[in-house]
Amino acid sequence: MVVTTGSDGITPREGWSSRSAFILAAVGSAVGLGNMWRFPAEAGENGGGAFVLFYILCVLLIGLPVLLSEVLIGRHGQSNAPESVRRVAAESGKSGRWAILADFGVLGAFLVLSFYCVVGGWVLYYIGIFAGDLVTTGLSGGAFQGRPPEEIENLLPALFDNGALMVVLHIVFLAITLFFVARGISSGIEWVATWLMPTFFLLFLAITIYGATTGGFGEAMAYLFTFDFSRLTGPVMLAAVGQAFFSLSLGVAGMMTYGAYVGRDVNLASTSGIIAGADTAVALIAGLCIFPIVFAAGLEASAGPGLMFQSLPIAFRDMPFGSLIGLLFFVMVFFAALTSSVSLLEAPTAWFKDRAGLPRAVATTIVAGSALVLGALAAWFWGTPVAGIAELGLFEGQDLFNVLDTLTSKVLMPVGAILTSLFVGWVASRRLIDSENGLSGGLHHFWLFLVRWFCPLMLAIILLGGIFPEATEAVFAIFGG
Ligand code: PHE
């Protein structure tokens, strides 16, 4: 790999050791709680089929082109996200003010990090529960010694009632993330990705095959893939696009930051395709694993955030080796979550380290410490609507945790993506773009069309339709006669 220098111009800049290391790290960033926990919850809350098919379209026509744009800016700029944008702008003879798109991204990554680690804490809690259960129940038979489903379902609300425990678990998860990011790219982030992602995929495959043999797949397939056009409302479309960004780690400077560590020899277009394909496959398979269990146990598909944490443990109760499978499942989710949280911490850290001229370990600790406070507040005030914000349409009745989630996935990420596609499509010089994107011929033109016209326009429409559903319906009504 070519050795380039860091922001001081002297020390060699950190970088991935190979193309596959980058793929593992980027897939690690993409595949996480967004796939296993958020995707099934969003699909269930937004009616299943219509959401899922629209989601797939969003990944292909908006997510993938924006992903390529982000990685491209990062690799060309070879710096933290705002600085990379500034360099691309400068080389194209344009204003450095465009860096604001990445400033918002860095802020977004920080906000996601703070509530992401709260959910990471729940995962740790379930690892503890299943480990304890394995000791008491032993290998044979199902988990929880046949205790009634209601009792198992209540594990999560009981955790929600225990603010102090949620805060402690959040801190533990964040501390683990901090440990790896402070070690740097090759011995920290790359290490985590190269060990944990392959293990994740092995466990995922084993549990999926196991799940497929327990039946219920048909009903889940019908639920997830039956397209009912009438259910595709403005809010459902915004939820789908937001989920696509969240899952692909877009609009929050994460992929730009990772792109800066990619070698010159890597083809960015095909690599982006692999990242988006792997991420979408995991989300769909996770849905196909979770919904059969939900239906078989007679649970509500719209149960929301509780879906993964409440329905699966009930299923593990009735499975042979249930405690062990449950333990392995949550360990697997933990691995996926950790490879994502390191990327969330890396984006603001890379920026802060360069901006303040601090050593990596110090910068990481300060950023993580701030996320600790915000996440702890979100955990502590779980269920308490945020005064002054919870009255606004998009944030109706939401507590701090959900406000952070909505603000990032439904506002910051789409806005960040609009600016990124406009920047790459219209501002950056064509010569620079052509030399980086790894595309040629018709595909190249198609991608240019997407980033110039399709992505910004569609995103603007979806954003407005999701935030002001009544107004949009009124406009449609006028046009529809
Ligand atoms: N994509 C990650 C997931 O699905 C979350 C994430 C969002 C990571 C944004 C980085 C940036 O869990």
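Note that ligands are numbered from 1 as they come in the structure, with each ligand's atoms numbered from 1 the same way.
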Requested in this report: Report the part of S249 (side chain from C-beta onward, or backbone N, CA, C, O) that has a heavy atom under 4.0 Å from ligand 1; answer both or neither where that applies.
Outcome: both

Query raised in the report: Heavy-atom contacts under 4.0 Å between A337 and ligand 1: side chain, backbone, both, or neither?
Result: neither

Solution key, residues 106-119 side-chain donor-acceptor pairs under 3.5 Å, sequence neighbours excluded:
unit_1	atom_1	unit_2	atom_2	d
S114	OG	L111	O	2.7
Y116	OH	L33	N	2.8
Y116	OH	S340	OG	3.4

Query raised in the report: Hey, would you say the F335 and W195 ring centroids sit under 6.0 Å apart?
Result: no

Query raised in the report: With a 6.0 Å cut-off on ring centres, are F39 and Y55 close enough?
Result: yes

Query raised in the report: Do other residues, nucleotides or ligands put more than 12 heavy atoms under 6.0 Å from the CH2 atom of W426?
Result: yes

Within the structure, is a non-hydrogen atom of [X] found at a distance of less than 4.0 Å from ligand 1?
X: A30; value: yes
X: Y116; value: yes
X: G34; value: yes

Report task. Measure the distance from atom 1 (N) of ligand 1 to every protein heavy atom, then report the residue, atom name and distance (to 0.1 Å) of the closest one. Result -> F246 O, 2.8 Å

Query raised in the report: Any idea which protein heavy atom is nearest atom 2 (C) of ligand 1, and the distance to it?
Result: S29 O, 3.2 Å

Donor + acceptor pair across side chains of [X], [Y] (<3.5 Å):
X: T420; Y: E70; result: no
X: D399; Y: N402; result: yes
X: S29; Y: S249; result: yes

Atoms of ligand 1 less than 4.0 Å from [X] heavy atoms?
X: G32; result: 3 (C), 4 (O), 12 (O)
X: L33; result: 12 (O)
X: V252; result: 9 (C), 11 (C)
X: S247; result: 1 (N), 4 (O)

Report task. Determine, considering heavy atoms only, which of L344, L248, V119 sits nearest to atom 11 (C) of ligand 1. Result -> L344

Requested in this report: Look only at interatomic distance and state if S343 has a nitrogen or oxygen under 3.5 Å from any nitrogen or oxygen of ligand 1.
Outcome: no

Return a table of donor-acceptor pairs under 3.5 angstrom between the side chains of residues 356-368 and protein atoms on other chains or two or more places apart.
unit_1	atom_1	unit_2	atom_2	d
R360	NE	E14	OE1	3.4
R360	NH1	V181	O	3.0
R360	NH1	E346	OE1	2.9
R360	NH2	E14	OE1	3.0
R360	NH2	E346	OE1	3.4
R360	NH2	E346	OE2	3.1
T364	OG1	R360	O	2.5
T365	OG1	A361	O	2.6

**Report entry** Sidechain N-carboxylate O distance under 4.0 Å for R38, E45
**Finding:** no

